[in-house]
Protein chains: 2
Amino acid sequence: MRPLYHPSKEDISTEGILYALSDPIRAQIYSEISCSEEAPTCSNFLTLKNHKLPKSTLCQHFKILREAGLIRSERKGVELRNFSRCGDLKERFGDLIRAVLAAYGLKVGESVQNVPSEPKKKAVAEKSRPR
Amino acid sequence: MRPLYHPSKEDISTEGILYALSDPIRAQIYSEISCSEEAPTCSNFLTLKNHKLPKSTLCQHFKILREAGLIRSERKGVELRNFSRCGDLKERFGDLIRAVLAAYGLKVGESVQNVPSEPKKKAVAEKSRPR
DNA sequence: TCAATAGTTCAATATTTATAAACTATTGGA
DNA sequence: TCCAATAGTTTATAAATATTGAACTATTGA
């Protein structure tokens with residue numbers, strides 16, 4: 001099985017990000033990953049808003065998020081843990097990602113949040129939220 | 001021939017806008033429409049960045065922009081003139097549209113531009129730009 | 001009424017997406 | 001070491017979308 005592809009920071013494109021986030025399911029998945037402390041797994045999303053998703057479909061969504069450069073997937077034992085690639089995204093795409101998720105009414109993790117006009121005060125985290 | 005459908009302001013959705021603008025060709029078309037004073041026609045885009053587009057393809061792109069609520073098409077004689085639906089978009093989707101076009105490196109018309117932090121000074125228009 | 005121009009619709013083809021089923025990978029026992 | 005369990009990927013194919021040439025509709029001016 002070929003290793004998971006993650007584009008280099010320079011290869012992350014507006015088009016790819018927009019494509020990935022133009023699907024509301026993927027936007028929601030990305031939102032939750034970006035907010036979560038525990039780096040969720042793919043299977044954590046088998047039901048999303050009372051809606052069941054097949055595993056293979058979910059896997060494709062993750063592939064698209066990963067290959068757009070939005071997330072990084074790391075194997076931890078039998079599962080893959082997914083992180084937002086905040087560091088690689090914030091500078092070039094922070095505004096875009098924030099605006100897209102805001103328009104959907106979704107939350108963004110602190111790491112991408114970082115409003116530049118304010119002098120960076122500690123955000124009030126919202127960790128224990130039902131999923 | 002059925003009349004052109006324009007969604008009501010309330011029916012404009014994030015998902016529809018993102019879908020429409022996730023195609024870089026449509027994003028560019030919208031950008032030019034939003035910046036232009038003359039309400040361009042469909043045929044104005046038959047060549048875009050040295051790339052020829054078939055008329056039927058272009059017509060579909062316009063239909064998608066129109067049905068997403070981004071533009072309004074009005075018949076003026078033999079042609080259709082296309083306007084950005086600024087008024088309907090600015091409040092709910094201004095930030096989104098601005099961020100998307102900015103990320104693509106495209107311009108946005110003043111009407112959608114309207115940066116809220118600054119006290120609304122007259123923007124320096126850039127009208128005569130090669131297309 | 002006809003020709004010219006602009007745009008839409010149709011139909012055929014090509015591309016993309018969704019998903020069940022089969023596969024690979026890792027781990028923790030027996 | 002081998003097996004079962006769990007997590008995720010790949011493959012095959014069916015369904016949905018996109019692209020585009022060709023035919024059509026609409027408007028205008030001669």
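The sequence lines fix the lettering, A, B, ..., with proteins before strands; numbering per chain opens at 1.
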When you measure from the side chain of A/T57, which nucleotide among C/dA6, C/dA18, D/dT20 comes out closest?
C/dA18

Do the non-hydrogen side-chain atoms of B/F62 and B/I33 ever get within less than 4.5 Å of each other?
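A side-chain contact exists here, since the closest heavy-atom pair is under 4.5 Å.
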
State plainly whether one hydrophobic cluster holds both A/I25 and A/I64, where clusters connect Ile, Leu, Val, Met, Phe, Trp and Tyr through side-chain heavy atoms under 4.5 angstrom apart.
no

Within this structure, what is the [atom1]-to-[atom2] distance between [X] and [N], rounded to whole angstrom?
| X | N | atom1 | atom2 | answer |
| --- | --- | --- | --- | --- |
| B/N82 | C/dA6 | CG | C1' | 12 Å |
| B/E67 | C/dT9 | CD | C1' | 13 Å |
| B/L65 | C/dG7 | CG | C1' | 15 Å |

Test question: given the 4.5 Å side-chain rule for I, L, V, M, F, W and Y, name all other residues clustered with A/L4, or answer none.
A/L80

Report, one line per pair, each donor and acceptor closer than 3.5 Å where one atom sits in a side chain of residues 12-19 of chain A; sequence neighbours left out.
{"unit_1": "A/S13", "atom_1": "OG", "unit_2": "A/G16", "atom_2": "N", "d": "2.9"}
{"unit_1": "A/T14", "atom_1": "OG1", "unit_2": "B/A103", "atom_2": "O", "d": "2.8"}

How would you label the contact of A/C59 with the nucleic acid (heavy atoms, under 4.0 Å): base, sugar-phosphate, or nothing?
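Base contact.
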
Any residue in residues 13-27 of chain A with a heavy atom nearer than 4.0 angstrom to DNA chain D? Just list them by number, or reply none.
none

So if I define the base as every atom that isn't primed, P, OP1 or OP2, how would nucleotides 23-30 of chain D read as a B/S/- string at a heavy-atom cutoff under 4.0 Å?
--SBBS--

Would you say A/R81 reaches D/dG8's phosphate, i.e. side-chain N/O to OP1/OP2 under 4.0 Å?
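Negative; the distance criterion is not met.
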
Enumerate the side-chain hydrogen bond (donor to acceptor under 3.5 Å, both in side chains) contacts for residues 60-69 of chain B, please, sequence neighbours excluded, ordered by first and then second residue.
B/R26-B/H61, B/R66-B/S73

Got a list of protein N/O to nucleotides 10-12 of chain C N/O distances below 3.5 Å?
none

Decide yes or no on side-chain contact (heavy atoms from CB on, under 4.5 Å) for A/R85 and A/I71, but give the supporting numbers first.
CA-CA 5 Å; A/R85 289 181 60 177; A/I71 64 172; 5.6 Å; no

